[in-house]
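What follows is one structure encoded as structure tokens, with my remarks underneath.
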Amino acid sequence: MVSAKTEIAVDTFLVGLGVSPGIAIGEAHLLSRARMAALERTIEPSDVDAEVAAFEEAVEQSRRQLEEVRRKVTEKHPDEHAYIIDTHLMMLDDQMLHDETLHGIRELLLNAEGALKRAIDRFREVFASIEDDYLRERMSDIDSVGERLLRNLMGESRQDLSALERKAIVVAHDLSPAETMQIDQNKVLGFVTDVGGRTSHTAIVARSLGIPAVVGLENVTALVPGGTPMIIDGSAGTVILNPSETTFREYLQKRQRYEYFEKELLSYRSLPAETPDGFRLVLRANVELPAELEQVRESGGEGIGLYRSEFLFLSRPVPPDEEEQYRAYRNLVDAVAPHEVTIRTLDAGGDKFVEEINLSDEANPALGLRGIRFSLAETGMLKTQLRAILRASACGPVRVMFPMISGVAEVRRCKALLEECKEALRAEREPFDEDIRIGIMIETPAAALIADRLAAEVDFFSVGTNDLVQYCLAVDRGNEHVAYLYEPLHPAVLRALRMISRAGRDAGIPVAMCGEMASEPIYLPILLGLGFTELSMNAPCISRVKRIVRQVRRQEAEELLTCAMEQLTAEEVARYLEREMARRFPGLYGSATI
Ligand code: PEP
Ligand code: MG
């Protein structure tokens, strides 16, 4: 590889968040940031009208560009990503953005670009204070709309990723979803960004396009001049600038191993998820966006074990109506038929976009009006959703699932509302599945402790470990300062899981898991031993987990579980599991399997 014409030391190692797996090796292509370059200056009162006109023209130009992108994207991916562009178009019309900019020009006598830059910063501040990861990550949408406006205002032409002349790794502060969608997969080897998180649109689209990506590197755009040779490892979340010959060779081999492993995994696609001693597990997919449906089909997943319906509701000023929801749910049903779809009702919390209730003042949003509590406070919205789910159930197998349940009374209220909706649909002669199965997420300690009582009320359980671990251990799942305490193998969590699975088994109902714990191959023996019957995870993880299922005997998993339950700390459990699995199944958890 050609050495860098820069001061960057050989083998400079950066660590970020790997959001899309795979290894990319190439040269950096830097995307500039208009916001960094925007200059603020004061103007004369006589210039105000011209600056206002320039701002308004930039808004119109941005609208035309976005509509054009939307047209192109819809041609390429019908029904998929257009909603992201719609979100950007909506932000373009945002009253606060306009008012703040015009105030800056008219009252503070700032030039349009300075006033706009201040308005964007203000907008970002508001979003940064929101205690919801998903919404906070919508800041990237604001940045991208802001960047576009600024570029148009400053007369810079938009960098078009599809016009890349040669293969490169894209280095950007952030990539807007619109930019990500225009990526030519043959030219863009991978991308790295300063900002971003696991649930950002950019990360989601990268995964669906299969492009390795590392985000959250903080200052990679400041560090890397265009043309720098680099390697990104999207599985490990690492970036190496100016790699030495040795590192280069090492990663070439790693890439080969990864590609070989991926190919090998394809052979598991059509095989059943069955242990050598005949225990059959059902592996399903977690879905947030329509773009993921193709992967669900390709992964060999047996339907959808968790559809996070809140993704339909967020980032928009008004909730989707019954018809729009029906179409979205039906789309899921059609995509995975004859397998079933589990639709979880809205799991929002601190949701600013549901404007009837302002939850932003809650001191403890994770313990506040989220999930089913919000839906039961807004029964009109819940009924609309239940009607749409019921109508979709006429088209194929659908299950309905309620999030954040903490007691029997909540379940009964949900069931009563579902009955009400059924009654109304009968009267309207709308078809639906009379026997639609009803499930609940078990993700609060209260639900785990009364799992036996809850099991008598519903047709299935699905354990949401992302929240169960957080609430069991009193550790905020999004707070990096206590991340070391977030331990799925903590004995308290294992006991809760055992309680839940026993309650389900005694009541004769399926017990699923749809939290991230289900997708980690190393936890599989524990889940098998506990008797989980269904696991739901991101589609790309299905083959990885299936590969382990097909080699571990259920009986062995039970033995492992018994010893694991005797350990005193999460670390002891982890060490025990790793040691035993390496001894009994040498090579099963190789580095390429992560
Ligand atoms: C969970 O809590 O484990 C879960 C699957 O739900 P979410 O991550 O959407 O809260
Ligand atoms: Mg949850």
Side-chain angles (χ1 to χ4, degrees), residues 19 131-137 197-200 203-204 207 283-289 292 301 303-315 341-351 359 364-375 385 399-406 410 414 439-448 451 454 460-479 483 486-490 493-494 496-497 500-501 511-520 523 526-527 530 532 534-539 541-542 545:
V19 293
E131 297 226 8
D132 179 299
D133 282 350
Y134 180 82
L135 290 180
R136 216 171 27 233
E137 278 162 10
R198 272 183 210 289
T199 57
S200 61
I204 291 164
R207 279 198 291 274
L283 300 185
R284 302 189 206 270
N286 289 353
V287 170
E288 291 78 32
L289 297 168
E292 295 161 37
I304 297 174
L306 167 64
Y307 173 61
R308 289 182 161 102
S309 67
E310 53 276 13
F311 276 71
L312 262 184
F313 288 68
L314 296 171
S315 296
V341 177
T342 311
I343 303 174
R344 177 173 78 180
T345 60
L346 179 67
D347 183 20
D351 184 354
L359 300 171
N364 287 305
L367 304 180
L369 200 60
R370 69 165 283 201
I372 203 60
R373 302 165 183 186
F374 176 83
S375 292
Q385 183 167 30
R399 308 192 292 184
V400 59
M401 178 159 80
F402 299 102
M404 274 293 287
I405 293 291
S406 56
E410 278 169 344
C414 291
I440 51 174
M441 297 278 294
I442 305 285
E443 50 186 348
T444 64
L454 292 169
F460 68 96
F461 283 164
S462 190
V463 183
T465 47
N466 304 344
D467 279 314
L468 185 64
V469 173
Q470 128 160 305
Y471 293 126
C472 241
L473 304 180
V475 174
D476 180 346
R477 70 193 242 195
N479 180 341
Y486 189 92
E487 298 173 314
L489 292 179
H490 190 294
V493 176
L494 297 186
L497 294 179
I500 299 161
S501 57
V511 182
M513 177 178 284
C514 61
E516 290 303 305
M517 192 175 181
S519 65
E520 296 283 342
Y523 300 145
I526 296 276
L527 307 185
L530 283 168
F532 277 87
E534 300 176 17
L535 301 179
S536 192
M537 61 202 78
N538 292 330
C541 294
I542 292 178
V545 171

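Indexing begins at 1, ligand by ligand and atom by atom, following the structure's order.
For Glu534, the salt bridge (charged side-chain N to carboxylate O under 4.0 Å, His left out) partners at least two apart in sequence or on another chain are Arg284, Arg399. For Arg373, there are no side-chain hydrogen bond (donor to acceptor under 3.5 Å, both in side chains) partners two or more places apart in sequence or in a different chain.
Among the candidates Ile343, Leu306, Thr345, the single residue satisfying the side-chain contact (heavy atoms from CB on, under 4.5 Å) test with Met401 is Leu306.
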List below, pair by pair, the N or O atoms of ligand 1 and of the protein that are less than 3.5 Å apart, including the distance to 0.1 Å; reply 'none' if no pair qualifies.
residue, atom, partner, partner atom, Å
ligand 1, 2 (O), Glu443, OE1, 3.0
ligand 1, 2 (O), Asp467, N, 3.1
ligand 1, 2 (O), Asp467, OD2, 3.0
ligand 1, 3 (O), Gly464, O, 3.4
ligand 1, 3 (O), Thr465, N, 3.1
ligand 1, 3 (O), Asn466, N, 2.7
ligand 1, 3 (O), Asn466, ND2, 3.3
ligand 1, 6 (O), Arg344, NH1, 3.0
ligand 1, 8 (O), Arg308, NH2, 2.9
ligand 1, 8 (O), Asn466, ND2, 2.9
ligand 1, 8 (O), Arg477, NH2, 2.9
ligand 1, 9 (O), Arg308, NE, 2.8
ligand 1, 9 (O), Arg308, NH2, 3.4
ligand 1, 9 (O), Arg344, NH1, 3.3
ligand 1, 9 (O), Arg344, NH2, 2.8
ligand 1, 10 (O), Asp467, OD2, 3.0
ligand 1, 10 (O), Arg477, NH1, 3.0

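Looking only at side-chain heavy atoms (C-beta outward), Leu454 and Ile405 come within less than 4.5 Å of each other.
Atoms OG and CD, from Ser309 and Gln385 in turn, are 4.0 Å apart once rounded to the nearest 0.5 Å.
The pair Asp347-Arg308 does not count as a salt bridge, with every side-chain nitrogen at least 4.0 angstrom from each carboxylate oxygen.
The two residues Asn466 and Tyr486 come nearest to each other via the heavy atoms O-OH, 2.7 Å. Gly515 and Thr465 get closest at one heavy-atom pair: CA-OG1, 3.2 Å.
Protein contacts to the Mg ion (ligand 2) involving N, O or S atoms at a distance below 2.8 Å are Glu443 OE1, Asp467 OD2.
For the pair Glu520 (side chain) and Glu516 (backbone), a donor-acceptor distance under 3.5 Å is absent.
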